[in-house]
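Presented below is the structure to which this report refers.
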Amino acid sequence: MLRYYEARGLLQPQRRASGYREYSPADERTVRRIRALSAAGLKLETIVEILPCIKGEAIEFEPCDKLKKRLRDEADAIAQQIDSLQASHALLMEYLHRAE
């Protein structure tokens with residue numbers, strides 16, 4: 001994943017003379033932020049967009065015009081997924097009830 005984050009421009013680790021990557025404490029913080037946002041259900045394309053708005057270990061936000069809208073859009077999409085899953089669950093439970 002670290003190489004993928006680097007390819008997406010999220011990390012820029014230093015390189016040793018041997019060519020090996022050397023990750024700084026700032027890189028480690030960035031990876032923790034990415035993982036926290038990913039755990040919240042955000043896709044990497046969204047994380048790439050909003051990561052510059054984030055500071056601190058506790059995911060504190062800097063003023064960033066597009067951040068609030070983007071987070072709202074993501075929350076709405078997750079709510080739609082939840083609604084769809086609940087409808088599927090209800091349908092399956094109805095079929096199960098009829099089968100019994």
Side-chain angles (χ1 to χ4, degrees):
M1 289 306 298
L2 295 176
R3 288 183 183 169
Y4 183 62
Y5 296 160
E6 185 178 354
R8 296 297 307 264
L10 295 170
L11 292 176
Q12 290 104 26
Q14 297 295 316
R15 296 282 185 150
R16 294 182 183 174
S18 63
Y20 287 102
R21 293 166 179 84
E22 189 168 334
Y23 295 97
S24 69
D27 292 326
E28 292 175 27
R29 283 190 300 275
T30 298
V31 170
R32 281 195 295 275
R33 290 177 187 136
I34 293 167
R35 293 180 59 85
L37 292 166
S38 180
L42 298 180
K43 296 177 185 168
L44 195 59
E45 63 194 31
T46 302
I47 294 170
V48 168
E49 186 178 332
I50 68 171
L51 194 62
C53 303
I54 298 172
K55 64 171 187 160
E57 293 296 321
I59 309 294
E60 299 166 8
F61 298 102
E62 292 284 341
C64 191
D65 294 338
K66 60 186 167 187
L67 175 66
K68 187 175 180 180
K69 181 185 181 331
R70 186 64 178 192
L71 291 177
R72 175 61 59 200
D73 291 347
E74 290 294 326
D76 290 346
I78 290 170
Q80 289 177 351
Q81 290 173 348
I82 290 169
D83 290 345
S84 178
L85 287 171
Q86 286 176 329
S88 295
H89 180 262
L91 187 58
L92 288 173
M93 293 307 293
E94 181 182 336
Y95 292 156
L96 182 59
H97 178 71
R98 289 181 185 181
E100 295 174 337

(message) Can you give me the closest heavy-atom contact between Tyr23 and Glu28, atom names plus distance?
(response) O-OE2, 4.3 Å

With a cut-off of 3.5 Å and sequence neighbours excluded, list every side-chain donor-acceptor pair involving residues 36-52.
{"from": "Thr46", "atom 1": "OG1", "to": "Arg70", "atom 2": "NE", "distance (Å)": "3.4"}
{"from": "Thr46", "atom 1": "OG1", "to": "Arg70", "atom 2": "NH2", "distance (Å)": "2.7"}
{"from": "Thr46", "atom 1": "OG1", "to": "Glu74", "atom 2": "OE2", "distance (Å)": "3.0"}

(request) Assess whether atom CZ of Arg8 is packed by more than 12 heavy atoms of other residues, nucleotides or ligands within 6.0 Å. (result) yes

(message) Is there a side-chain contact between Gln12 and Glu6 in this structure, where contact means two heavy atoms from C-beta onward sitting under 4.5 Å apart?
(response) no

(request) Taking the side chain as every heavy atom from C-beta outward, state whether Met1 and Arg35 have any atom pair closer than 4.5 Å. (result) no

(request) Could you tell me the separation between the CG atom of Leu91 and the CG atom of Leu96, rounded to the nearest 0.5 Å? (result) 11.5 Å

(message) Using modelled atom types and a 3.5 Å cut-off, is there a donor and acceptor pairing between side-chain atoms of Arg16 and backbone atoms of Tyr20?
(response) no

(message) Other residues, nucleotides and ligands only: do more than 12 of their heavy atoms fall within 6.0 Å of CZ on Arg15?
(response) yes

(request) State the CG-CG distance between Leu2 and Leu10, to the nearest 0.5 angstrom. (result) 11.0 Å

(request) Using a 4.5 Å cut-off on heavy atoms from C-beta on, say whether the side chain of Gln80 contacts that of Asp76. (result) no

(request) Would you tell me whether Ser24 and Asp27 have side-chain atoms, one donor and one acceptor, within less than 3.5 Å of each other? (result) yes

(message) Nearest 0.5 angstrom please: Tyr4 OH to Leu11 CG, how far?
(response) 12.5 Å

